[in-house]
Amino acid sequence: MRVGLTSEQLDATLRDRVMVDQYLDFRFRAFVVVTPKEITDRYNELYGPQRNSGRIVPTLDQVRDQIEEELRVEKVAEQIDKFVDSLREQPGTEIVILNPV
């Protein structure tokens with residue numbers, strides 16, 4: 001007895017996921033800008049309270065890329081949420097949610 005997806009079903013699912021990811025890159029990720037001020041503000045928010053506490057606190061340069069990526073992911077998620085909300089408001093729009101594999 002075999003359980004799961006056929007090779008064709010798996011190929012179709014993977015193809016769909018790649019297409020969605022490419023669309024997200026084109027529609028949202030390509031236009032997200034994270035400013036140096038946002039990175040510095042997040043750094044101060046996360047690590048400012050730890051200064052002078054006896055803990056080892058990483059420098060901004062050590063965590064800059066990580067903070068930038070976290071902010072980018074948050075902004076993309078926010079833009080996607082706004083996009084989906086705007087679609088819901090349009091009459092006749094049907095939103096289909098694909099089940100995760």
Side-chain angles (χ1 to χ4, degrees):
M1 181 165 122
R2 295 179 69 167
V3 178
L5 300 173
T6 66
S7 178
E8 292 81 19
Q9 290 170 321
L10 180 59
D11 287 346
T13 299
L14 292 174
R15 205 172 20 257
D16 289 346
R17 287 182 179 244
V18 167
M19 287 176 56
V20 168
D21 199 46
Q22 288 174 341
Y23 176 76
L24 293 175
D25 281 342
F26 170 75
R27 176 68 173 80
F28 301 104
R29 292 182 189 121
F31 300 104
V32 169
V33 175
V34 177
T35 67
K37 181 180 182 332
E38 290 171 316
I39 295 170
T40 301
D41 289 349
R42 178 62 61 91
Y43 174 82
N44 289 332
E45 177 186 313
L46 293 173
Y47 297 105
Q50 296 178 20
R51 289 192 192 119
N52 301 321
S53 68
R55 294 183 183 184
I56 297 173
V57 179
T59 65
L60 176 57
D61 286 338
Q62 290 173 319
V63 293
R64 181 183 314 277
D65 291 343
Q66 176 186 343
I67 291 173
E68 182 176 6
E69 182 58 23
E70 289 171 2
L71 289 169
R72 186 176 317 283
V73 167
E74 289 172 14
K75 286 184 172 194
V76 167
E78 183 179 310
Q79 291 298 317
I80 291 171
D81 288 345
K82 286 180 184 178
F83 179 70
V84 170
D85 288 345
S86 72
L87 288 176
R88 284 188 178 119
E89 294 171 3
Q90 296 177 13
T93 300
E94 182 178 341
I95 297 175
V96 177
I97 299 174
L98 302 174
N99 291 330
V101 176

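Please read all numbers here as calculations on a predicted model, not as lab measurements.
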To the closest 0.5 Å, what do you measure between CD (Gln79) and CG (Asp81)? 9.5 Å
So, the side chain of Gln66 versus the backbone of Val63: is there a donor-acceptor pair under 3.5 Å, distance only? no
Per side chain to side chain contact (heavy atoms under 4.5 Å, CB included), Arg72 is matched among Glu74, Lys75, Glu68 by Glu68
Could you please spell out the steps behind the side chain to side chain contact (heavy atoms under 4.5 Å, CB included) verdict for Thr59 and Tyr47? CA-CA 9 Å; Thr59 65; Tyr47 297 105; over 6 Å; no
Around Arg51, counting heavy atoms of other residues, nucleotides and ligands shown, do more than 12 lie under 6.0 Å from its CZ? yes
Looking at side-chain heavy atoms only, is the closest gap between Asp11 and Glu8 below 4.5 Å? no
Looking at Asp41 and Lys37, is there a salt bridge between them, counting it only when a charged N and a carboxylate O are closer than 4.0 Å? yes
Before accepting this row, confirm whether a basic side-chain N of the pair Glu78/Lys82 lies closer than 4.0 Å to the acidic partner's carboxylate O. yes
Glu70 side chain reached by Val34 side chain, heavy atoms, under 4.5 Å: no
Looking only at the side chains, is there a donor atom on one of Ser53 and Gln50 sitting less than 3.5 Å from an acceptor on the other? no
Which word best sums up how the rings of Phe83 and Phe28 line up, parallel for under 30°, tilted for 30 to 60°, or perpendicular for over 60°? perpendicular
Mind running side chain to side chain contact (heavy atoms under 4.5 Å, CB included) on Arg29 and Asp21 for me, showing each step along the way? CA-CA 10 Å; Arg29 292 182 189 121; Asp21 199 46; 3.0 Å; yes
Do Arg88 and Asp85 meet the salt-bridge criterion of a basic N to acidic O distance under 4.0 Å? yes
Over 12 foreign heavy atoms within 6.0 Å of CZ, Phe26: no
Would you say Asn52 has more than 12 foreign heavy atoms packed within less than 6.0 Å of its CG? no
Considering all heavy atoms, the nearest Val32-Val76 contact: CG2-CG2, 3.5 Å
